[in-house]
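In this chain, residues are counted from 1 in sequence order.
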Amino acid sequence: YSPILLRYQTTHTQVKPEYGYATVIKEFAELLNFKDIQLFAVHLVAMFLADVTTPIMALTGKAGSQKTTTSAAIKRIIDPAGDSLEANVLSIPTKRDDIIMTLYNRYLTVFENVSKIDTDTSDILCRGVTGSSNTKRAHYKNLEEIIMTFKRKIILNGVTPNFNNGDLQTRIVKYSKKEEITFLTDSEFEEKFVTLRPKVLGQIFEVLQRVLGRIDGFKIIAKTRMAEFERWGELISQELGYDADTFGDKYEDKMKITSIENKDAHPIIGIIENIMSEKVEYEDTVSNLYDKVKTQAIKNGIDPKDRYVSFPKASKQLIDRMTDVATIFDNLDLKFTTWNNTDNDPKYTKKAKIIKITNKTGIKNLLAFS
């Protein structure tokens, strides 16, 4: 009944675990200067569950906050590619096929110094996390395709990484460092890490052993799209010594905070939030809403035509942009639906595209007032 440990072509020999250390994962998180210790500890253990969809770890922070050192240390715990920092981190490839092959050949991939992820790369990362199929060209000189199905673990780090895609946002947990960071030299960090590493592995395996004995039939009411991660995470959290039913709340709160932080990258979110601030419901044509949003953007000093600004350039793009960040709207309690005026509603032009935005917070307040 021992779990099967998988070995990939880039995986180097792991150190022998040392058992009997009940708090060493917390010590490791403190060495890395993380704020969200419970969430990180659970996430670290869950990274060893190959068939469980596990969110991407995104490490953010100012320059010099040892993001690369941190990423490499986590990689060496889970899937070591050697003992050097350079062997365990990679720059994200620019070509689609290269990203797919990089993920395929590693159990855990660390991409460093990520600043922005385009739609195609975001889609590949999402598929890599959930286990969907990716296609790549067999050879550059022909049209033959290879379908590659795999489920992997991923770490991204960067100073101010911009994760705009809504699907990617639901599959990422962003970790930030403490304001007061204890800086260590490379040799000082390595000395502490080498001491902790076998003990951390030992605690991870002991926790997993107990979790595997309890998981059959264990159920929760999931609060996010990552239901399996929440289910396993709750048991891992308990076996790490945290109170029952606290992990789901921690994870949900983290996802909401991250989502709301990301709204600054999309000016339309703040503008629509302002439009709905004193409304329970808004309904109009998409064209009229776009004109209203564009006018407000210009007043706010935003140039909608600037190609470096994430702003819809025409009314037809408005719904696409809103759909991309639907998760952020959900976390702001704003829900939108669209339809074509096929019922010949006299308020609108025939076949016009209509949008309705509902402020769920406004409805709750109205009901409470009533």
Exercise for the section: Please report the C-alpha distance between S237 and K250 in whole Å, then the side-chain angles of each, then the deciding distance to 0.1 Å, and finally whether the side chain to side chain donor-acceptor pair (under 3.5 Å) criterion is met. Expected result: CA-CA 11 Å; S237 178; K250 288 270 186 184; over 6 Å; no

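- E239 is linked by a salt bridge (charged side-chain N to carboxylate O under 4.0 Å, His left out) to R210, R214, counting only residues two or more places apart in sequence or in another chain.
- Within the structure, ring-ring contact (aromatic ring centres under 6.0 Å, His included) pairs that include any residue of residues 69-103 do not occur (at least two apart or interchain).
- Taking the salt bridge (charged side-chain N to carboxylate O under 4.0 Å, His left out) definition, one finds that R106 meets it with nothing, sequence neighbours left out.
- For the ring-ring contact (aromatic ring centres under 6.0 Å, His included) condition, no pair includes a residue of residues 69-92, sequence neighbours left out.
- Applying the ring-ring contact (aromatic ring centres under 6.0 Å, His included) rule to F218 yields no partners; only residues at least two apart in sequence or on another chain are considered.
- Aromatic ring centres of F48 and F205: separated by under 6.0 Å.
- Side chains of K153 and T54: a donor on one and an acceptor on the other come within 3.5 Å.
- Side-chain atoms of M322 and I272, non-hydrogen and from C-beta on, do get closer than 4.5 Å to each other.
- Listed by first and then second residue, the salt bridge (charged side-chain N to carboxylate O under 4.0 Å, His left out) pairs that reach into residues 345-355 are E283-K347, sequence neighbours excluded.
- Legend: salt bridge (charged side-chain N to carboxylate O under 4.0 Å, His left out) pairs involving residues 35-59, not counting sequence neighbours, sorted by first then second residue: K35-E179, D36-K254.
- The salt bridge (charged side-chain N to carboxylate O under 4.0 Å, His left out) search around K335 returns D330, not counting sequence neighbours.
- Using a 3.5 Å distance cut-off with no hydrogens or angles, the side chains of S187 and T185 do pair a donor with an acceptor.
- A donor-acceptor contact shorter than 3.5 Å is absent between the side chain of T69 and the backbone of Q66.
- Between the side chains of S71 and E112, no donor-acceptor pair is found at a separation under 3.5 Å.
- For E30, there are no salt bridge (charged side-chain N to carboxylate O under 4.0 Å, His left out) partners two or more places apart in sequence or in a different chain.
- One finds the CD1 atom of I268 at 8.0 Å from the CD1 atom of I271 (value rounded to the nearest 0.5 Å).
- For Y282, the OH atom sits in a packed shell: over 12 heavy atoms of surrounding residues, nucleotides or ligands are nearer than 6.0 Å.
- Considering only residues two or more places apart in sequence or on other chains, F34 meets the ring-ring contact (aromatic ring centres under 6.0 Å, His included) condition with F40, Y175.
- A 6.0 Å sphere centred on CG of D320 holds more than 12 heavy atoms belonging to other residues, nucleotides or ligands.
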Handout entry: salt bridge (Lys or Arg N to Asp or Glu O under 4.0 Å) assessment of R152 paired with D79
Key = CA-CA 11 Å; R152 296 291 185 264; D79 179 31; over 6 Å; no

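- The ring-ring contact (aromatic ring centres under 6.0 Å, His included) pairs that include a residue from residues 336-355 are F329-F336, where partners are two or more places apart or lie in different chains.
- Every side-chain contact (heavy atoms from CB on, under 4.5 Å) that E230 has, sequence neighbours left out, goes to I220, A222, K223, T224, Y251.
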